[in-house]
Amino acid sequence: MKKTYLLTPGPTQIPESISSLFARPIIHHRTPAFQTLFEDVRAGLKYLYQTKQDVLLLACTGTGAMDAAVSNIFKKGDKVLTLNAGKFGERWTKIARAYGLVAVELKVEAGDSIEPKQVEDLLRANPDAKAVLFQASETSTGVKLPTQEICKLARAANALSVCDAITACGVFDLPMDEWGIDVLITGSQKALMLPPGLSMIALSDRAWAMNETSDLPHFYFDLAKERKSLPKNQTAWTPAISLIQGLQEALRMIREEGLHNVFKRHELLAKATRNAVTALGLEILAKKPSTAVTAVKVPASIKDGKQLPKIMRDKYGVTIVGGQDELEGKIIRLSHFGYCDKFDVITGISALELALNELGYKVEFGKGVGAALKTFSEG
Ligand SMILES: Cc1ncc(COP(=O)(O)O)c(C=O)c1O
């Protein structure tokens, strides 16, 4: 018998109070029952986003909402600035170029964040830029970007701020209205503790104004059409009904804990993870780490870095992820957000200690776990 544990940055673990809902008979979406459900979910999403704007639900994963943001806001040939601190920043560039936009990309070394000064210079060099597209948390490197400063700089330059908060929304504070975030995107399989298949997007008044003049092709992802259905508590197409039922419970749980307590929990789990891996003599990749995920460099003495997550999963039942592309085999990523608590961190670090030892890395058993426990006792 082997128990399994999911410590990946999406999908994240699903609480039983949510997964048990999926066993119920499906309801139809053009009914009062769905309308009541949707009304409650819409209010919960405004709380999560800290906004007065409508938060639209799309039946797709996060990338679909990123695609929708581009195809519903810009005009062919528009210039946008993309901040590439990793794989998902690069995705913004690819989406923008797929729609015929001119994407000017700022790429930094893996593990580096983007400094406000770099954004300021980029905006100054490109005064015709219509928007800055970026991640609040770059999942591929575990880096946090300075969202508040980026939004402020973009606004001062009369450009929109388009924020992929897929592993940030519900993880750390991102008050949409207060910080003037023009487009805020997240997805179901992250802090919302749901299976994949649902994404959320909200637009500021400035972004909605640009939507009116946008001329890029789209059909399914028509944000104005989605917005029009909302007063009837309906979606334009068949919604992901079961996921929306799950979302109601997820939002109820977040409200019950309190959004800012959720952020504090994530901060503590991230701190304990960072202290644990550092105590084991390992190095963290991100200079400015996100509280969603910790990317850790595989020690040089381990020649095949892909073995580390493999042993953790196959031998000890703990699924984490490695690095992507040029970081493959070079890092591991331990996630600590969503339905995640202190003992998930302890489990992850325990499996890491065992796997490191198995690969010949010198481990003093309990050193990482001890550092995490110490962090919790002080936290
Ligand atoms: C920051 C970020 N952006 C975008 C995506 C893509 O989302 P999806 O895989 O749900 O399409 C992910 C997925 O991990 C992500 O972490």
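Only heavy atoms go into these numbers, but all of them, side chains included; no hydrogens, no water, no symmetry mates. None of the values given here were measured: they were computed from a predicted structure.
Heavy-atom contacts from other residues, nucleotides or ligands closer than 6.0 Å to CD of Gln35 number more than 12. Atom CG of Asp341 is surrounded by more than 12 heavy atoms from other residues, nucleotides or ligands within 6.0 Å.
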Anything under 3.5 Å between a donor and an acceptor, one on a side chain of residues 14-28, the other on a protein residue two or more places apart or in another chain? List them.
unit_1 : atom_1 : unit_2 : atom_2 : d
Ser17  : OG     : Glu249 : OE2    : 2.8
Ser20  : OG     : Glu16  : O      : 2.9
His28  : ND1    : Arg30  : N      : 3.0

Would you mind writing out the side-chain donor-acceptor pairs for residues 327-338 within the sub-3.5 Å range, not counting sequence neighbours?
unit_1 : atom_1 : unit_2 : atom_2 : d
Glu328 : OE2    : Lys306 : NZ     : 3.3
Lys330 : NZ     : Glu326 : O      : 3.2
Arg333 : NE     : Gly322 : O      : 2.9
Arg333 : NH1    : Thr139 : O      : 2.9
Arg333 : NH2    : Gly322 : O      : 3.0
Ser335 : OG     : Thr8   : O      : 3.2
His336 : ND1    : Thr291 : O      : 3.0
His336 : ND1    : Ala292 : O      : 3.3
His336 : NE2    : Thr294 : N      : 3.4
His336 : NE2    : Thr294 : OG1    : 2.7

Just list the side-chain donor-acceptor pairs under 3.5 Å for residues 270-279, sequence neighbours left out, or say none.
unit_1 : atom_1 : unit_2 : atom_2 : d
Thr273 : OG1    : Leu269 : O      : 2.8
Asn275 : ND2    : Thr375 : OG1    : 3.0
Thr278 : OG1    : Arg274 : O      : 2.6

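Met176 contributes atom CE, which lies 6.0 Å from atom CG of Leu184 (distance to the nearest 0.5 angstrom). Within the model, atoms CG of Leu251 and CZ of Arg42 stand 13.5 Å from one another, a figure rounded to the nearest 0.5 Å. Distance check, rounded to the nearest 0.5 Å: CZ of Arg155 to OG of Ser204 gives 6.0 Å. Here CZ of Phe172 is found 5.0 Å from NZ of Lys144. Values are rounded to the nearest 0.5 Å.
Formation of a donor-acceptor pair under 3.5 Å by the Asp177 side chain with backbone atoms of Lys52 is found in this model.
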Tell me, with the steps shown, if Asp215 and Lys76 meet salt bridge (charged side-chain N to carboxylate O under 4.0 Å, His left out). CA-CA 7 Å; Asp215 63 4; Lys76 209 171 174 83; over 6 Å; no
Please step through ring-ring contact (aromatic ring centres under 6.0 Å, His included) for the pair Phe263 and His266, ending with a clear verdict. CA-CA 5 Å; Phe263 301 152; His266 291 142; 7.4 Å; no
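Taking the side-chain contact (heavy atoms from CB on, under 4.5 Å) definition, one finds that Thr93 meets it with Thr82, Arg97, Ala103, Glu105, sequence neighbours left out.
A donor and an acceptor atom, one from each side chain of Asn84 and Glu138, are nowhere located under 3.5 Å apart.
Residue pairs meeting the ring-ring contact (aromatic ring centres under 6.0 Å, His included) criterion with at least one partner in residues 41-93, sequence neighbours excluded, do not occur; the list is empty. Applying the salt bridge (Lys or Arg N to Asp or Glu O under 4.0 Å) test to every pair with at least one member in residues 276-290, sequence neighbours left out, gives these pairs: Asp112-Lys287, Glu115-Lys288, Glu283-Lys297.
When all heavy atoms of Ala355 and Leu308 are compared, the closest pair comes out as CB-CD1, 3.8 Å.
Note on ring orientation: taking the six-membered ring where Trp is involved, the planes of Phe38 and Phe34 are parallel (angle under 30°, cut-offs 30° and 60°).
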